[in-house]
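Proteins come first, then strands; the chains are lettered A, B, ... in the order of their sequence lines, and each starts at number 1.
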Amino acid sequence: MTTTGKIVTVNGNMITVAFDGAVAQNEVGYAVLGGKRLMAEIVRVRGRRCDMQVFEATTDLMVDDTVEFTGELLAAELGPGMLAQVYDGLQNPLAELAKEAAKISKDAGYFLQRGMYLPGLPRDRKWDFHPTAKVGERVSAGEAVGWVSEGIFDNKTMPGHKIMVPFALKGVYTIKSLAPAGDYTVTEDIATLTDANGNDVKMQMMQRWPVKVPIKCFTERLEPTETLETTVRTIDTFFPVAVGGTYCIPGPFGAGKTVLSQTTARYSKVDIVISAACGERAGEVVETLKEFPEITDPKTGQSLMKRTIIICNTSSMPVASREASVYTAVTLAEYFRQQGLNVLVLADSTSRWAQAMRELSGRLEEIPGEEAFPAYLESRIAAFYERAGRVRLKDGSTGSVTIGGTVSPAGGNFDEPVTQATLKVVGGFHGLSRARSDARRYPAIDPLDSWSHYNSVIEQAKVEKARAILRKGNEVGQMMKVVGEEGTSLADFTTYLKAEFLDAVYLQQNAFSESDATTPVERQKVMFDVVEKALLTEYAISEKPAMRKFFMDLQQTFIDWNDKKFRSDEFNAIQTTLVKKIEEAAHV
Amino acid sequence: MFNNKVYHKIDALSGSIATLRAEGVKYGEVAEVESRAGTSLAQVIKLDGPNVTLQIFAGARGVDTAAKVRFLGETMKIPFSQDLLGRAFTGAGVPRDGGPAITENPSPIGQPSVNPARRIMPHRMVKTNIPMIDLFNSLVVSQKLPIFARAGEPYNELLARIALQADSDVIIIGGMGLKYDEYLKFRSTLDKSGALAKTVMFVHTAADPTVECMLVPDVSLAVAEKFALEGKDVLVLLTDMTSFADAMKEIAITMEQIPSNRGYPGDLYSQLASRYEKAVDFDGAGSITILAVTTMPGDDVTHPVPDNTGYITEGQFYLRNGRIEPFGSLSRLKQQVNKGNPNDPDNKTRKDHRTIMDAMIKLYAQYKETIEKQSMGFRMSDWDQKLLKYGALFEKEMMDLSVNIDLIDALDLGWKILAECFDRGEVGIPSKMTDEFWPKN
Ligand SMILES: Nc1ncnc2c1ncn2[C@@H]1O[C@H](COP(=O)(O)OP(=O)(O)OP(=O)(O)O)[C@@H](O)[C@H]1O
Ligand SMILES: [Mg+2]
């Protein structure tokens with residue numbers, strides 16, 4: 001018996017519904033509008049009335065219109081068929097939506113149609129199921145019974161896409177029957193499991209999971225000690241990210257948060273990337289959408305899109321599904337983590353998600369906190385990042401979810417609720433500075449303010465020495481503004497030039513230059529050795545102009561070096577030149 | 001389902017908001033309010049049991065409790081036909097040029113967003129012959145980009161200049177809080193150049209009701225969308241979006257919404273975004289490019305309106321002292337069009353474009369530092385002298401808004417300025433580029 005209700009109030013995307021029967025917090029219901037059904041979620045229950053946020057425009061709804069409750073929480077569909085998809089925040093596949101809408105009219109095909117929903121996993125597609133478990137075997141939630149081949153997960157270069165016992169099943173089951181190898185759709189039964197009391201459960205390749213609840217089918221959480229290779233030099237060397245760790249990128253508008261996220265999505269050494277475009281520009285998603293299929297992933301030799309999922313709830317799409325989108329993204333990530341894979345979730349921008357919470361809270365007339373954000377902002381942010389982690393799975397293998405979120409602070413001032421709440425819970429802080437982005441020093445990660453708790457790809461002691469020069473160089477730079485170059489000693493001036501050199505050739509990295517955009521760790525190490533040599537050498541140059549000229553020349557040669565293919569003859573030749581230049585200028 | 005019931009009793013009035021008891025009313029539908037103050041349209045903005053809250057477009061001033069309210073059963077619509085071209089209307093769609101009213105083809109405003117899967121990558125440069133735009137921050141078809149300026153800067157002149165230079169099929173001007181003189185000036189500028197015939201104006205002047213100001217972007221963009229779906233490249237000019245945001249603030253406050261920042265409603269970002277995101281290049285139809293003006297109260301870019309705008313748009317041009325500032329100004333789509341790949345059919349530039357762009361800006365930043373040092377009375381080194389010379393040349397020959405040259409000429413000029421001031425090893429440009437482009441003599 002499903003519960004139904006009647007609309008009492010409509011206020012923006014919030015409706016209040018008087019219902020009979022029982023409802024649950026976060027339960028999904030549909031407001032019936034003529035032939036359309038508008039999806040909504042319960043956000044508060046008071047007596048016989050509940051408040052629901054509608055995932056669509058509420059135009060044309062009337063008092064007394066019917067709401068049908070589903071008895072289910074907002075859930076994602078998990079199984080084969082998610083990779084390379086572009087979903088909205090509620091896991092509707094956008095390309096399919098466009099096709100469906102185009103059936104109404106050509107023009108309608110361009111727009112998102114209200115009340116049009118399609119399944120997240122294709123229903124008609126068949127997958128080649130390979131059973132790996134045996135009848136009679138005892139299994140529990142999250143354990144694999146077989147695999148299918150999906151894209152790069154073909155059981156050759158990469159493991160197959162594992163078909164797992166639904167995460168929601170509690171206790172131990174015995175496999176009563178298992179489908180033979182063959183082609184099946186995601187909704188066909190592939191196994192019958194019997195619980196301790198002899199009750200049978202049928203399982204399919206697809207399972208559903210409520211997005212706001214973390215998946216916890218693992219034996220233990222592990223410390224994130226391994227560095228996640230982003231191939232961005234500043235990050236990997238100075239402000240590293242760990243596999244299974246968390247980090248944030250706050251920065252004023254235009255400072256490079258999105259470009260940095262996109263670069264990371266492209267070049268990071270992970271198995272799967274889930275990009276959540278949350279309340280940002282549609283155009284940026286289109287870039288990813290059109291470019292990724294054309295790019296070859298060096299690891300698999302196949303299109304980069306095959307390891308990517310885009311969750312796209314851009315700024316002009318309904319706000320309530322924006323709130324849901326980050327949860328959808330992390331739920332999909334947890335599913336792949338359960339397969340023993342390393343997954344990177346990039347959420348751009350978490351501030352838009354926080355604003356969606358604020359809008360909702362305002363409509364609920366809750367008591368506002370700072371800048372009108374709800375009082376539970378901090379705990380929601382903490383709970384979201386808490387879903388990252390490296391875990392040991394039941395079969396002994398490990399999997400991970402790494403979360404990187406951008407933050408868009410009002411006025412570019414980090415002293416605001418979302419940035420502050422985020423900084424409390426993440427392991428890495430890549431603060432972008434306006435001064436750096438104005439000076440086109442990309443990526444604009446502030447090398448003095450940023451920090452990371454994770455391990456660098458370069459020996460820590462070496463990194464600290466370089467960091468000290470950066471700091472000292474910056475101090476000298478500040479001082480020089482007061483006392484001028486003439487009032488600065490040659491030694492200080494040299495430190496200043498060294499810091500500038502490190503910045504120019506190593507920290508700065510042009511995301512739009514083919515050769516410079518990505519520096520794998522192996523190359524970073526070679527580069528860092530040369531940089532280190534330049535930084536630690538004492539030079540036998542006695543005049544400031546000559547010193548400046550020396551570093552400019554060195555920098556020029558280094559920039560040419562960055563342009564060359566790793567370990568090509570030219571590369572090796574310039575490396576030798578650089579070392580020679582440094583040694584020749586050194587004190588002996 | 002039509003509800004043409006007429007009501008004669010308004011229970012509450014405040015600002016532009018009226019509340020009355022009515023039945024069978026749809027959320028978002030439009031009503032006609034007739035009182036001794038005249039007739040105005042109004043929109044349903046809240047339903048609470050039998051109570052209906054209306055926002056009256058002409059404001060509630062003079063509306064009496066016995067006013068006649070007739071619900072029209074549908075949402076706000078704007079007529080669409082080719083006859084719109086060359087005409088000027090108010091935010092509510094009433095002619096303001098003395099011409100006949102247009103009623104054909106009423107189309108709803110504020111429609112759902114474009115499916116991102118049906119957009120194409122922006123790839124066509126809009127040439128303006130302004131080097132600070134073409135060379136340093138190229139404008140691209142389907143871009144949304146505001147001009148940030150303090151009141152009094154010549155932003156409307158700049159808008160008009162770009163509009164005339166860009167060869168779009170249709171120009172739509174959405175004026176918000178515009179001075180009447182400015183409206184007339186737009187008209188005459190477009191008229192003189194013969195562009196008026198492809199222009200539609202929706203203008204709210206400072207003297208008109210606040211709610212009409214809020215309608216201007218929706219109405220302008222709904223019409224733009226119609227033209228774009230017909231395959232037209234449409235340029236929409238919105239000036240001034242700060243007036244739009246202020247209108248929203250005023251209404252949010254009368255609605256007793258909890259403000260988030262300096263009185264602006266918490267959904268300011270979403271509200272602005274849903275308008276700006278109408279900019280699009282349709283896969284298989286036309287396009288909408290949005291150039292807006294955002295005046296910065298107190299010349300403060302961290303003010304909520306420019307701040308939220310910056311987070312939405314694809315860059316911004318800072319207009320300061322009549323010049324487009326190289327710092328802070330940004331076109332985020334420039335990399336789509338400045339590759340200079342000769343095999344690209346849309347290519348309008350040369351392969352040294354990015355090199356010149358980056359190098360000149362980096363050097364200009366250093367020049368700024370030198371100026372600072374100079375103002376503190378420090379001795380200028382040889383290098384400082386070079387930078388000083390460079391900065392002066394850059395400002396005179398590139399930044400000045402009177403400069404009107406083609407992009408390729410601007411690139412040549414860039415190399416010339418560099419060569420006049422520096423040695424080729426000093427400009428941070430890879431040798432393979434200087435080998436090819438550094439002026440020979
Ligand atoms: N690593 C980089 N290399 C070269 N250019 C860059 C780099 N990062 C950013 N940029 C430039 O800065 C522009 C803005 O970057 P981006 O869109 O990432 O900013 P953002 O911080 O995401 O801004 P917003 O908060 O408004 O979304 C880009 O369009 C590009 O021109
Ligand atoms: Mg961004």
Side-chain angles (χ1 to χ4, degrees), chain A residues 8-11 57-63 86 94-95 97-98 101 107 109-114 253-254 281-283 285-287 289-290 312 314-317 319 352 355 358-359 362 368 371-372 408 410-413 438-440 481 484-486 512 545 548 552-553 555-556 559-560 563, chain B residues 24-29 46-50 75 111-122 229 257-261 266-267 269-270 273-274 277 282 285 302 304 307 310-312 314-315 327-328 330 332 335 354 358 361-362 365 372-373 376 378-379 381-383 425-426 428 430-431:
Chain A
V8 185
T9 70
V10 185
N11 181 13
T58 50
T59 312
D60 294 335
L61 284 178
M62 292 198 284
V63 169
V86 182
L94 288 177
L97 279 184
D107 285 358
Y110 286 114
F111 299 94
L112 294 166
Q113 298 298 326
R114 199 152 61 121
F253 63 76
R281 305 169 185 83
V285 182
V286 180
E287 270 174 44
L289 213 84
K290 309 273 155 147
C312 149
T314 57
S315 56
S316 60
M317 288 160 75
V319 173
R352 306 300 162 221
Q355 286 179 344
R358 175 166 75 186
E359 283 183 36
E371 286 182 25
S408 318
N413 180 0
D438 275 353
R440 305 287 198 271
K481 284 194 184 137
E485 222 171 280
E486 56 265 49
F512 301 112
R548 166 172 270 134
M552 267 194 183
D553 174 58
Q555 177 176 326
Q556 184 69 34
I559 288 171
D560 284 343
D563 226 32
Chain B
V25 175
K26 294 180 193 166
Y27 184 75
E29 83 171 88
K46 189 173 172 184
L47 296 173
D48 186 357
T75 54
Q111 281 298 89
S113 87
V114 172
N115 186 329
R118 294 301 307 276
R119 289 172 177 262
I120 50 176
M121 288 257 275
L229 287 170
Q257 282 178 20
I258 302 156
S260 69
N261 200 346
D267 63 354
Y269 173 86
S270 300
S274 68
E277 282 281 314
F282 283 114
T302 68
D307 185 50
Y311 278 116
I312 292 163
E314 289 154 336
F327 302 122
L330 173 73
R332 302 184 191 212
Q335 53 267 14
R354 289 184 181 180
D358 287 335
I361 292 292
K362 277 191 184 162
E372 220 173 284
K373 279 196 275 180
M376 312 252 325
F378 295 130
R379 197 176 61 222
S381 65
D382 287 352
W383 176 245
E426 294 173 331
S431 313

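- Heavy-atom distances place both the backbone and the side chain of B:K46 under 4.5 Å from chain A.
- For chain A, the nearby part of B:I361 is the side chain; its heavy atoms alone come within less than 4.5 Å.
- Your options are A:V319, A:L112, A:D107, A:L97, and the one with the most heavy-atom pairs under 4.5 Å with chain B is A:L112.
- No side-chain donor-acceptor contact under 3.5 Å links A:R358 to the backbone of B:D267.
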task: Mind running side chain to side chain contact (heavy atoms under 4.5 Å, CB included) on A:R548 and B:S381 for me, showing each step along the way?
output: CA-CA 11 Å; A:R548 166 172 270 134; B:S381 65; 4.2 Å; yes
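- Listed by chain and residue number, A:R352 satisfy the side-chain hydrogen bond (donor to acceptor under 3.5 Å, both in side chains) test with B:Y269 (two or more places apart in sequence, or in another chain).
- A distance-only check finds a donor-acceptor pair linking the side chain of B:E277 to the backbone of A:A282 [under 3.5 Å].
- For B:R379, the parts lying near chain A are the backbone and the side chain together; criterion is any non-hydrogen pair under 4.5 Å.
- Annotation: maximal heavy-atom pairing with chain B below 4.5 Å, among A:A372, A:A95, A:G411, A:A439, occurs at A:G411.
- With B:N115 contributing its side chain and A:G109 its backbone, the two residues share no donor-acceptor pair below 3.5 Å.
- In this structure, no portion of B:P304 lies under 4.5 Å from any heavy atom of chain A.
- For B:D382, no part lies under 4.5 angstrom from a heavy atom of chain A.
- For B:Q111, no part lies under 4.5 angstrom from a heavy atom of chain A.
- Judged purely by atom type and a 3.5 angstrom limit, B:Q335 has no side-chain atom pairing as donor or acceptor with the backbone of A:F512.
- The part of A:P368 that comes within reach of chain B is its side chain, from C-beta onward, which places non-hydrogen atoms under 4.5 angstrom from that chain.
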- prompt: What do the steps show when you test A:E359 against B:S270 for side chain to side chain donor-acceptor pair (under 3.5 Å), and what is the final call?
  reply: CA-CA 10 Å; A:E359 283 183 36; B:S270 300; 2.9 Å; yes
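- Per-residue counts of heavy-atom pairs under 4.5 Å with chain B were compared for A:D438, A:V86, A:N413; the largest is that of A:D438.
- Only the side chain of B:M376 comes within contact range of chain A, judged by heavy atoms closer than 4.5 Å.
- By number of non-hydrogen pairs under 4.5 angstrom with chain B, the leading residue of A:E371, A:K290, A:R440, A:E486 is A:E486.
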task: Give the C-alpha distance, both sets of side-chain angles, the deciding distance and a yes or no for side chain to side chain contact (heavy atoms under 4.5 Å, CB included) between B:L229 and A:F111.
output: CA-CA 11 Å; B:L229 287 170; A:F111 299 94; 4.0 Å; yes
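- Residues A:M62 and B:V25 come closest through the heavy atom pair CG-O, 3.2 Å.
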query: Between B:T75 and A:D60, is a side chain to side chain contact (heavy atoms under 4.5 Å, CB included) present by the stated rule, with each step listed?
result: CA-CA 8 Å; B:T75 54; A:D60 294 335; 4.1 Å; yes
